[in-house]
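Heads up, the thing below is written out as structure tokens.
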Amino acid sequence: MNTPPRALPETLLRMLACPVCEDHPPLALEADQLRCPRCHRVYPIRDGIPVLLKEEAVIENDNAGENESI
Amino acid sequence: MQDSNTESVKAFFDQHAAAYAESETHRQGNDLQGLLEWLPLTSTCKVLDAATGPGHAAFTLAPHVAEVIGLDLTPGMEAQFEKKASESPYGNRTRLQIGDVHQIPFPDQTFDIVVCRRAAHHFHDPLRAMQEFARVLKPGGHCAIIDMTTLDDPLLNATVNALEIARDDSHQRALMPSEWRSLAEQASMEVIRDERWEQAFPWQTWLRPVSMTGSESQVLEIILRNTPEHLKQQVVIEQDGKRHFLKRFIFMITRRKN
């Protein structure tokens with residue numbers, strides 16, 4: 001049986017940064033996802049664990065491409 | 001290429017997560033003791049365990065530091081990590097984060113110590129990973145790399161990597177010690193410790209925790225049949241009348257230059 005996931009601590013949330021943007025800006029918490037204010041990638045939080053992988057992120061702003069740093 | 005490697009690593013460890021958590025080879029090992037003895041651990045240290053897997057290094061370090069973040073690509077390792085956290089009295093000092101060592105989701109200069117144990121041979125770009133380790137380290141921070149290696153012999157290195165890939169197609173490359181030292185230099189880190197050792201594994205133990213199909217075994221035998229004898233003697237040895245795989249390891253500690 002799997003151990004239930006632990007709640008995300010504030011300290012960790014404050015540490016997390018966009019893995020894709022060159023200057024690694026902090027991410028904004030929105031319900032069950034994290035958003036990068038620079039490239040507009042939205043990273044999911046699954047089972048209480050942020051999944052900060054480029055290939056799992058969705059870009060929610062059509063103009064985001066011109067803001068990408070990589 | 002990069003994405004296909006990422007996918008093959010995730011698929012491999014999703015499938016074998018429980019086996020890695022229980023594997024004697026990965027769970028035991030004096031290299032964990034080396035982490036405790038050779039790293040400047042203090043009660044205020046913030047540690048990143050890069051490619052943590054089921055967290056063997058993370059839970060070894062947790063009693064001696066303030067916080068350990070285990071970074072892993074593979075959601076399949078999550079249950080193993082969380083189970084260990086629930087069983088450890090220091091579990092509340094640990095936290096799993098899904099992310100890639102080539103794009104670490106933390107700001108510059110976040111950690112006092114980065115460790116990466118027995119995982120780097122899966123990386124598609126170890127230089128990029130080392131540069132990321134240096135980036136997230138505070139100036140003067142320490143990085144411990146533990147991984148399989150070979151002698152500084154390109155032909156032997158190619159042979160070992162061919163055998164490892166035949167056994168596990170998520171294997172990328174075991175680097176030679178000279179390559180590791182070069183990567184450290186390129187990532188602006190100085191090497192302050194460089195330990196090497198050999199360990200002979202009974203053939204079947206080496207194959208585990210990967211379960212082999214018949215075709216994989218056949219590929220291994222074909223490679224061995226076509227390997228020059230002087231190279232084969234460096235990898236496949238007889239002990240107690242049984243075939244063993246001679247594995248070499250490197251334990252390198254580097255310090256980020258200011």
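- Taking both residues in full, the closest heavy atoms of B/Pro107 and A/His24 are given as CA-CB, 4.4 Å, listed atom of the first, atom of the second, then distance.
- For chain A, the nearby part of B/Ile104 is the backbone; its heavy atoms alone come within less than 4.5 Å.
- Atoms CG and NE2, from A/Leu53 and B/His102 in turn, are 12.0 Å apart once rounded to the nearest 0.5 Å.
- Only the side chain of B/Asp108 comes within less than 4.5 Å of a heavy atom in chain A; its backbone stays farther off.
- The distance from atom CG of A/Asp47 to atom CD of B/Glu82, rounded to the nearest 0.5 Å, is 9.5 Å.
- Nearest heavy atoms, A/Leu52 versus B/Pro105: CD1-CB, 3.3 Å.
- Considering all non-hydrogen atoms of both residues, B/Gln97 and A/Leu12 come closest at OE1-CD2, 4.2 Å.
- Note: A/Ile49 CD1 to B/Arg95 CZ = 8.5 Å, rounded to the nearest 0.5 Å.
- When heavy atoms are compared at a cutoff of 4.5 Å, B/Leu71 does not approach chain A at all.
- Taking CD1 of B/Ile69 as the start and CG of A/Leu16 as the end, the distance is 7.5 Å to the nearest 0.5 Å.
- Considering only heavy atoms from C-beta on, B/Glu78 stays 4.5 Å or farther from A/Arg46 through its side chain.
- In this structure, the side chains of A/Lys54 and B/Asp100 stay at 4.5 Å or more apart for every pair of heavy atoms.
- Taking CZ of B/Arg135 as the reference point, atom CD of A/Glu22 lies at 10.5 Å (rounded to 0.5 Å).
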